[in-house]
There are 2 protein chains.
Amino acid sequence: MPQLGPPIPPWQRAPRAPRSRPALSLELIVSTALRLLDEGGMDALSMRKVADALGTGAASLYAYVANKEELLEHVLDRVIGEFEVPDPEPERWAEQVKDGVRAMRRILASHRDVARFAMARIPTRGNALHSIERFLAILRTSGLPDQAVAYAADILPLYATANAYEDALWAERFGSMQPEDYEPFIAQLRDYFKGLPADRFPNITALADVLTRNEGDERFEFGLDLLVRGLQSLATPPPAGARPPGP
Amino acid sequence: MPQLGPPIPPWQRAPRAPRSRPALSLELIVSTALRLLDEGGMDALSMRKVADALGTGAASLYAYVANKEELLEHVLDRVIGEFEVPDPEPERWAEQVKDGVRAMRRILASHRDVARFAMARIPTRGNALHSIERFLAILRTSGLPDQAVAYAADILPLYATANAYEDALWAERFGSMQPEDYEPFIAQLRDYFKGLPADRFPNITALADVLTRNEGDERFEFGLDLLVRGLQSLATPPPAGARPPGP
DNA sequence: ACCTGAACACCGTTCAAGT
DNA sequence: ACCTGAACACCGTTCAAGT
């Protein structure tokens, strides 16, 4: 029960607050949507719930966004705005690239289900453009051919997003993506692998332990290292005389 | 129009087919769900629509699957069943790994929106287990350390799935993922990049052409090559003294 | 035991009607 | 011009009631 003060006779009331809720705006709709998403995940982000949190009806949102998809694009761009890319330091471009991918994943994962609709959108809104521009600046100091720079600028964010997407689903299933929270599940999976018939599953049973290793960012870092090492090998021309191994 | 034979008088008909529709079964529910997904994408796959196609009500499905999520898992496993992994040929493991990742992407992309729920599920059902087992067999002939094999077995399917996910969204937006269907959109994006103020976006404007290059699988192959080359560099011990790499 | 109609608590989006 | 109540056409899931 809310505490009620003594009753105020109508004639003493303020002349009816201009509006108890602020006027609607795209800005306000987007921040409300992001807040709901952060608090309750994707299920909490419906047009109706956003409108409700703003004290209006869902139909009113359609004056500012064409549809839910467009609202999600704005939310994504707002999150991308948190991504700060440093000025290029050419002699350590590879480490800067890694730091950038790590930051992308961290920021996406910190906003719960944002990663789940971040994939496959070609982000062309303001903040995304700015981030791409600055990420390209770092990649270009590598000496890689332009097309390799362009593909890398696509693939690295895809890798960050895919990992953040997985993070989000782990968090959904276990209430958090902290390893200790889902360790029992991992242990169960490990036992399941170990208990498989070894004649039909010789590799899974033999590798059960490493397949279910659950050590923070190790797997993410492993893949990131593969990608960036590959880029470095393209940037560094093979030593004259020697030929790279291959088929 | 199907060819109809001469009309058969009612008294010659079979004594009323035991049921005009076959009995429900998990098998039947899963194939119906996959058919609807292939035909109409994710929007066509609802519990109600699957039930409808089977001539029953949505509630009846819950005798066979706990919820929609479980149905999707079965659909995914059915699709994974199309994935055929060859026997290992140790001397060309890297090429076999690449072929495997290509096949994963191709199969996922051929089933429209399957990729959209394939991510981040740890597939432990029958077909998935079998595929993982055989993929591990190939990876283990590389000579990579066990943990690297295990991480690779996670990351490579993630890469295939993330790309197939993008394919699916392109197909959704443009009715197909054939490059010629969305070339106008790409051209528009290219012009947009080129028209940006060059002082604020020097890299995007300079790279507009390569950033919007749209040549089939090139980008996918580029990333796949980075990953597999990275694995090869881990498998081949560095040339201490004079170690000849390769076969 | 198995199946299901109807209900519950939601969706995104549209549109006529209000101010 | 801006806003919105109510409606439309959907969802996934539950459950009492039927056979």
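This is a predicted model, so every value here is computed, not measured. Chain letters run A, B, ... following the sequence lines, proteins first and then strands; every chain starts at 1.
To the nearest angstrom, P of D/dC10 lies 18 Å from NZ of A/Lys68. For A/Leu71 and C/dC11, the CG to P distance is 14 Å, given to the nearest whole Å. Atom CE in A/Met47 sits about 12 Å away from atom P in C/dC11, given to the nearest Å. For A/Glu70 and C/dG12, the CD to P distance is 15 Å, given to the nearest whole Å. Spacing between atom CZ of A/Arg48 and atom C1' of D/dA9 amounts to 11 Å, rounded to whole angstrom units. Following rounding to the nearest Å, B/Met42 (CE) and D/dG12 (C1') show an atom-to-atom distance of 15 Å. A straight line from CG of A/Leu36 to P of C/dC11 spans 11 Å, rounded to a whole angstrom. For the pair B/Leu24 CG and C/dC3 P, the interatomic distance rounds to 7 Å; values are reported in whole Å.
Distance from the side chain of A/Tyr64 is smallest for D/dC3 among the nucleotides D/dC3, D/dC11, C/dG5. Of the candidates D/dT14, C/dT13, C/dC10, D/dT14 carries the atom nearest the B/Ala59 side chain, counting heavy atoms from C-beta on. With C/dC10, D/dT13, C/dG12 as the candidates, the nucleotide lying closest to the side chain of B/Tyr62 is D/dT13.
Checking the phosphate oxygens (OP1, OP2) of D/dC3, no side-chain nitrogen or oxygen of A/Ser60 falls inside 4.0 Å. Within the 4.0 Å cut-off from OP1 or OP2 of D/dG12, at least one side-chain nitrogen or oxygen of B/Ser46 is found. Remark: A/Lys49 is in phosphate contact with C/dC11, judged by side-chain N or O atoms under 4.0 Å from OP1 or OP2.
A/Leu207 places none of its side-chain heavy atoms less than 4.5 Å from the side chain of A/Phe193.
Looking at A/Asp217 and A/Arg102, no side-chain N of the basic residue comes within less than 4.0 Å of a carboxylate O on the acidic one, giving no salt bridge. A salt bridge links A/Arg78 with A/Glu27; the closest basic N to acidic carboxylate O contact falls under 4.0 Å. In this structure, A/Glu166 does not pair ionically with A/Arg116, as no charged nitrogen and carboxylate oxygen lie closer than 4.0 Å. Using a cut-off of 4.0 Å between Lys/Arg side-chain N and Asp/Glu carboxylate O, B/Asp154 and A/Arg219 are scored as salt-bridged.
Sequence order on DNA chain C of the closest nucleotides to B/Leu61 and A/Leu45 puts B/Leu61 first from the 5' end.
When the C1' atom is compared between C/dC8 and D/dC10, the two are found 15 Å apart, to the nearest whole Å. For D/dC2 and C/dA17, the C1' atoms lie 13 Å apart once the distance is rounded to whole Å.
Ring orientation note: the planes of B/Trp170 and B/Phe185 are nearly perpendicular, at an angle over 60° on the 30°/60° scale. Relative orientation of the B/Tyr151 and A/Phe222 rings is tilted, given thresholds of 30° and 60° on the angle between their planes.
Pairing analysis of DNA chain C (Watson-Crick: purine N1 to pyrimidine N3 plus N6-O4 or O6-N4; G-U wobble: N1-O2 and O6-N3; both under 3.5 Å) yields stems of 3 or more pairs at C:4-8 with D:12-16, C:12-16 with D:4-8.
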